[in-house]
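Single-structure report; data block below.
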Amino acid sequence: MVRRGGVAALPQPARASVQGRAGMSFDTLPFLGFFAVVIAAYYAAGGAARGWWLLVAGVAGYSVAGLRDTVLFLVVISANYAFSLYVRERREVLWAALAFNFGVLAWYKYRLFLMGMAGIGGTAGVPGGTSGSFTEAVVIPLGISFYIFTCVAYLVDIARGEIAPDRSFPRFALFISYFPHWVAGPIVRAHVLLPQVKRIFAGNIRWPRLWCLGLGLCLLGVVKKVVGADSLAPFVDDIFTRGPGDAATAWLGIWLFAFQIYFDFSGYSDMAVGMSWLLGVRLPMNFLTPYLALSPREFWQRWHITLSTWIRDYLYIPLGGSKGGGAARQALVLIVVMGLAGLWHGANWTYIVWGLAWGAAIAAWRIGHGPIGRLPGAVQWAATMLVVLTLWVLFRAPDIGFAGRYIAAMWGGAGLGEARYFGGSGGLPVLAGAASLMLLHVAERMGVQRRGAVYLVKRWEGPLLRGVLVAMILWLLVMPKLNANPFIYFRF
Amino acid sequence: MPSARRPLLRTLSLTLLGLVIGSLVVEGYLRLAELEPLARALPAAQASLYGPDPDTGYAHRPDSKGIWLTENRAWVEINGLGLRDRPRQVSKGKDAPFRFAVVGDSFVEALQVPLDATFPALIEEEMSKVRVPLRSGPFTIEWLNLGLAGATPAVTVQRLRALAPRLELDAAIVILGAGDLLRQRPDDTSELVGYVPGPDGKAVLSHAFRETRGYKLRTGAGGRAMYWLLDHSRLALLLNNRKNAGLLAELAEPPRAGPPKSRVCTGETLKPHEDLWSGKPMGFAQARLDAILADLRATADDRKRPLRISIALRGLPPACPGFEDRLAALRATISERIGARAAQSAGPRLAFFDIEAAAARYLPPGKAFSSMFGWGSHIGSGHLNELGHQVYAKAIVEMLTPRK
């Protein structure tokens, strides 16, 4: 079993891909150098050259992931471009395109799992199997889950007549390979990004007036990743590797993981949105302080928003989950769709059960929304967090058995191991630290996500604030990673 | 000034001011990150503890301090004598405590654990509590930590030679890496003291590093300014950390995790050590070993300040299933060779101390030898963890306690 997190390790055959991913992680100096060159050349270029430059930068940046991943990326882009030209007129082309895209995803991401299920080899597909994105020895092509979903959404939108296909291959290629989002989202729809891509190729870019907003988002993302997620990773790894020795440590471990994955993923998204702002491109926000949600449904309206809306628009509604068919059918569709969402995250039963459980939780809340809705907000929040934390165990655990034992330990069952964080005089600082994470979350909601923050940036926009933000970003990226903590969602 | 230039100058000035303010904010954060309990978790600048030294090439810089982040976290302070130890006087003073020292590499320096958890500190605390009477000598005992990360056998020997008279040591345990002694080529002396072939074919200590450009730079005005900055600015430390890691460090192979190195002993494991200690030709390794033993004997024989030295080897397997006889024979050979050297003059002042075999006897029941090393997720498997330091302390106290 190969571990991730506090000390990253991946097997020899994937070395080039790992080095590439590490270097192209947004929170590194090499990536900063890459972005500095890209943005300087972008604004120095004129007319359509900007579009070509971004396209070259996107593909070149992706190429550090290795030859296999790059060739696959280009093949997928080319195939989907070809499909897009005919998908509106011929429905069978859409089915072929979907088969191609999901076939590619299945082959590269799920074949070990499917083979295990079929009993052909390995334990990946076996319910007790130990394969998982936090332990797996297989390296998935960089960002495959994200760009495949982007392509599928594009083709379905064309087939539905909602958008027209873009006949320009460079524009389509840039839409898919636009580098701030190709690795870990946000999953951007064609109607959001393609018009902006067209403007770039037409030489009609939108000059950002609020540079500090983009820089501020980048800084927020860097702080979340470097200070937030990377600080929590060693503790989460320790508790999950050694096993919690008591219930308090078990709760602590999953609480810290909840914030680790939030800081990691939302930090990445903030950086993606911030960098795009600096390029004059608007990407959608992907997170809205999800741990303040008062229901499971609201959680998914605030967590990985672009994935949620993708699932709603391309799975849930087409399968009849929105209207008609009765509450039972809607609940069933919801559970199935969330199960598929879980599967998207990784080829392991833990993710599938995680998704199914989320579907069940949302359905249950929907059924009981009357009495639940009358409870005080604090109780609704606590109940939602209970669901969130319990289900995160499935996400982090290497297998179902471990997840079950961990959840049992949370509720007073036998400890899983030796990790104890609340003995002696260390308990109070640990508790205070854990509590402060939620306070930071509230502060983000109250401070950063309000319009006031934008007005503040507008008021101070200028070279002074730009210098402050650039300096802070630079110094945080200068800090070398003494233990490698790659972005969690790079694994998907 | 032409009016067109004024806005540009204003923009540049404000940008520069912004960069300075932003830098000061990060400097403030880095200082805050060193305070407890934030220091347990937040990313921070790793301490810079080392500087040039004329005896060994490098050593701890007196009064430097900070957080050590590699392999576990610990707050580290170097005392005024340049030791990773509590504050001490150079001279023993009128009460004349008996001064022990443990000399070695990062294994002894133990930056990964707090000072009071290191085995020299634990021994000192234990012996001062119990006031264990030594076989000879007074009751009051000090244990000094002379560990230095990266110390080769040559650095360890030279460090003891230089510091023993200065610190008025009475006894020392010298811990050498058994594997380090197997190197068959002369030492590289471009940065450290090392053993090289002398005119008569024997190995001699060379201080060639003193003539290198790097050493002269570090000991010159520029070097002193750099170390002053490192002591007073966390941003300077951050740049130093980045320099040490590499500008494009993230593109290098990521650190490998995995279980601790296997300590399974086989005949193949033992053979090089058997060859070395029994005197078989092994390139420069024999000449180096001879020189090490001769230099340690000479240190023990110092007329002004004779010293009792126990030589311990780190990295010899504590047990060798199926090869127990060979392992026992190896230990006997080591003891004989050191004893033979000692017999030339140092007598009982030079002896072999089988530290790992002793430590193995003090492991808590049910614990494997490997449980003394590393932390949690297979980090730092080459260094003693808190349990390891406790076991080593017990083993050494036992060695020194008169048998009833």
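- For the atom pair Leu42(B) CG and Asp230(A) CG, the distance stands at 11.5 Å (nearest 0.5 Å).
- Minimum interatomic distance between Arg242(B) and Pro480(A) (heavy atoms only, all atoms of both residues): NH2-CA, 3.7 Å.
- Crowding of Arg10(B) atom CZ: a count of heavy atoms from other residues, nucleotides or ligands under 6.0 Å not exceeding 12.
- The environment of CD in Glu191(B) is sparse: at most 12 heavy-atom neighbours from other residues, nucleotides or ligands sit within 6.0 Å.
- Interface remark: Leu477(A) contributes backbone atoms only to the contact with chain B (heavy atom separation under 4.5 Å).
- Minimum interatomic distance between Pro463(A) and Thr11(B) (heavy atoms only, all atoms of both residues): CB-O, 3.6 Å.
- For Leu235(B), the parts lying under 4.5 angstrom from a heavy atom of chain A are both the backbone and the side chain.
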- [ ] Could you give me the CA-CA distance, side-chain angles and deciding distance for Val468(A) and Leu17(B), then say whether side chain to side chain contact (heavy atoms under 4.5 Å, CB included) is met?
- [x] CA-CA 8 Å; Val468(A) 170; Leu17(B) 181 63; over 6 Å; no
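- Minimum heavy-atom separation, Gly18(B) to Ala471(A): O-CB, 4.5 Å.
- Taking the side chain as every heavy atom from C-beta outward, Val430(A) and Arg40(B) never approach each other to under 4.5 Å.
- Interface check for chain A: of the options Ala45(B), Pro37(B), Ala41(B), the most heavy-atom pairs under 4.5 Å are formed by Ala41(B).
- The shortest distance between side-chain heavy atoms of Arg466(A) and Leu14(B) does not fall below 4.5 Å.
- Counting heavy-atom neighbours within 6.0 Å of Glu36(B) CD, excluding the residue itself, gives a total above 12.
- With contacts defined as side-chain heavy-atom distances shorter than 4.5 Å, the pair Trp475(A)/Leu239(B) qualifies.
- Taking the side chain as every heavy atom from C-beta outward, Leu248(B) and Leu29(A) never approach each other to under 4.5 Å.
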Task: Audit row: Asp27(A), Glu250(B), side chain to side chain contact (heavy atoms under 4.5 Å, CB included) steps and yes/no - done: CA-CA 10 Å; Asp27(A) 60 331; Glu250(B) 290 87 350; over 6 Å; no
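- Proximity to chain A (any heavy atom under 4.5 Å) is shown, for Leu24(B), by neither the backbone nor the side chain.
- Note that CE of Met472(A) is 11.5 Å distant from CD1 of Ile21(B), once rounded to the nearest 0.5 Å.
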